[in-house]
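Side chains are part of it too, since the values below use all heavy atoms of this structure and drop only hydrogens, waters and symmetry mates. Atoms within a ligand are numbered from 1 in the order they appear, just like the ligands themselves. Everything numeric in this text was worked out from a predicted model, so none of it was measured.
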Amino acid sequence: MADEPLVLGIETSCDETGVGIVRGHTLLADAVASSVDDHARYGGVVPEIASRAHLEAMVPTIQRALKEAGVAASDLDGIAVTAGPGLAGALLVGVSAAKAYAYALGKPLYGVNHLASHICVDQLEHGALPEPTMALLVSGGHSSLLLAPDITSDVRPLGSTIDDAAGEAFDKVARVLGLGFPGGPAVDRHARDGDPKAIRFPRGLTGPRDAPYDFSFSGLKTAVARWVEAQRRDGLDVPVADVAASFQEAVVDVLTRKAIRACKEHGVDHLMIGGGVAANSRLRSLALERCEDAGIVLRVPRRALCTDNGAMVAALGAEMVARNRPSSTWDLPADSSLPVTEVSVPGHSHPHPEEHTHSHDHVHELSKDNLY
Ligand code: KG4
Ligand code: ZN
């Protein structure tokens with residue numbers, strides 16, 4: 001519908017320069033430039049390389065998104081940007097670009113949380129999120145169970161990883177198996193030819209006295225590394241497909257079990273799964289199986305919307321505009337450790353930091369004092 005908010009979203013928290021454009025719940029453009037190949041030889045994301053790549057990709061990616069959406073920048077109702085969490089230097093490139101475009105165009109600026117954006121993106125796929133939404137967020141940096149009564153203002157963490165994130169475990173196991181970086185897609189691919197019951201790897205924090213919604217994957221990662229080392233020491237071949245399948249099964253077994261328990265105990269009859277690991281084929285199929293058994297509706301966005309992208313940021317920005325949430329001031333900071341509970345960042349000089357209802361029409365005054 002033409003009266004729904006038209007928002008451009010910028011994502012630069014890690015190694016993807018993402019620019020998305022949405023109108024309400026409709027995806028119009030999703031342009032992503034990745035620097036992943038530049039990091040592969042280092043076995044992980046190098047922050048300085050990521051920042052430089054964002055800088056080079058920013059303007060062309062914005063232009064590509066506007067062209068793809070067939071809209072003029074002047075038609076936008078707002079510019080949303082990931083304010084955190086993520087790599088500080090990388091975030092700063094996105095936040096600075098968003099400020100420059102918003103100020104030049106006279107549009108409101110919305111600094112939003114990367115994690116809430118991973119949840120909100122599902123509105124582009126499956127329509128309005130139910131309230132509350134139960135979300136399992138699994139990425140390279142986070143594994144959390146979140147209860148979101150309102151995705152623009154109220155996200156409550158029920159539990160999270162106490163050590164490695166799920167994606168991090170995939171990346172580390174892939175390294176042990178010599179499958180390269182990033183490891184998730186490679187483990188997923190090899191696991192298809194393997195037996196998930198070949199090796200019984202530990203299921204972390206699933207004892208009766210363990211925290212019901214917290215996760216731990218570092219013990220599992222160590223168990224896989226020890227098993228592989230023992231094989232090599234004994235001069236035996238490492239059955240890569242079986243190790244990948246058995247490791248993957250241990251991760252997704254715990255993730256889905258805890259997510260469904262959270263739904264049941266909180267009386268929520270649907271589950272949203274987001275973040276890069278939600279692209280995992282076994283996680284998707286086991287979650288579907290277990291949700292069906294439990295009478296829970298599963299919502300998982302298509303793979304391209306699970307990994308980092310700008311459309312997810314635009315989706316949350318559009319929801320903020322639709323609900324008249326306040327825009328951010330020009331001194332909006334990039335916060336590398338932004339807590340998941342802070343869905344949006346008002347900016348240091350926001351006149352009403354506690355208020356969540358005033359009009360988005362107001363574009364904040366720029367003065368020398370409230371720019372960086
Ligand atoms: O959400 P994301 O793109 O970036 C972060 O915010 O971290 O997630 C990236 C993570 C990486 O650890 C990557 O290995 C993992 O998601 N990943 C996968 C798959 N695709 C990406 N993990 C398992 N299976 C996959 N198919
Ligand atoms: Zn992410």
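A salt bridge links Asp188 with Arg192; the closest basic N to acidic carboxylate O contact falls under 4.0 Å. A salt bridge links Asp253 with Arg290: the distance from a Lys NZ or Arg NE/NH1/NH2 to an Asp or Glu carboxylate oxygen falls below 4.0 Å. Checked for salt-bridge contact, Arg52 and Glu48 miss the test: no charged N lies under 4.0 Å from a carboxylate O.
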(request) Decide yes or no on side chain to side chain contact (heavy atoms under 4.5 Å, CB included) for Met312 and Leu305, but give the supporting numbers first. (result) CA-CA 7 Å; Met312 65 191 213; Leu305 295 180; over 6 Å; no
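Considering only non-hydrogen protein atoms, atom 12 (O) of ligand 1 sits nearest to Asp171 OD2, 2.8 Å. Here the protein heavy atom with the shortest distance to atom 2 (P) of ligand 1 is Asp308 OD1, 3.4 Å. The nearest protein atom to atom 26 (N) of ligand 1, hydrogens excluded, is given as Asp188 OD2, 2.9 Å; this is a heavy-atom distance.
Atoms of ligand 1 lying under 4.0 Å from at least one heavy atom of Ser139, given by number and element, are 1 (O), 5 (C), 6 (O), 7 (O), 8 (O). Numbered from 1 in the order shown, with element, the atoms of ligand 1 that lie under 4.0 Å from a heavy atom of Gly167 read 12 (O). Remark: ligand 1 atoms within the under-4.0 Å shell around heavy atoms of His114 are 6 (O). Listed by atom number, the atoms of ligand 1 under 4.0 Å from Gly140 heavy atoms are 5 (C), 7 (O), 8 (O), 9 (C), 10 (C), 12 (O).
Between Asn280 and ligand 1, at least one pair of N/O atoms sits closer than 3.5 Å. Among the atoms of Thr307, none of the N or O lies under 3.5 angstrom from an N or O of ligand 1. At least one N or O atom of Gly184 sits closer than 3.5 Å to an N or O atom of ligand 1. Residue Pro182 has no nitrogen or oxygen atom sitting less than 3.5 Å from a nitrogen or oxygen atom of ligand 1, judged on distance alone. The distance criterion of under 3.5 Å between nitrogen or oxygen atoms is not met by Glu16 with respect to ligand 1.
Put simply, the side chain of Lys258 never gets that close to the backbone of Leu145: no donor and acceptor are under 3.5 Å apart. Of the possible polar contacts, none joining the Lys172 side chain to the Ser218 backbone as a donor-acceptor pair under 3.5 Å is found. Using modelled atom types, one side-chain atom of Asn113 and one backbone atom of Pro339 make a donor-acceptor pair closer than 3.5 Å.
Using a 4.0 Å cutoff on heavy atoms, Gly141 counts as a contact of ligand 1. By the 4.0 Å heavy-atom criterion, His142 is excluded from the residues contacting ligand 1.
The side-chain heavy atoms of Ile62 and Leu66, taken from C-beta on, include a pair separated by under 4.5 Å.
Summarising the local packing, CZ of Arg257 is surrounded by more than 12 heavy atoms from other residues, nucleotides or ligands at distances under 6.0 Å.
Using cut-offs of 30° and 60° for the angle between ring planes, the Tyr213 and His266 rings count as tilted. By the 30° and 60° cut-offs, the orientation of the rings of His118 relative to His114 is perpendicular.
Near-neighbour remark for the Zn ion (ligand 2): protein N, O or S atoms under 2.8 Å are His114 NE2, His118 NE2, Asp308 OD1; waters not counted.
Considering only non-hydrogen atoms, atom 16 (O) of ligand 1 lies nearest to Gly276 out of Ala279, Gly276, Gly183.
With ring centers used as reference points, Phe181 lies 6.0 Å or more from Tyr42.
In the model, Asp150 has a side-chain atom that pairs as donor or acceptor with a side-chain atom of Ser153 under 3.5 Å.
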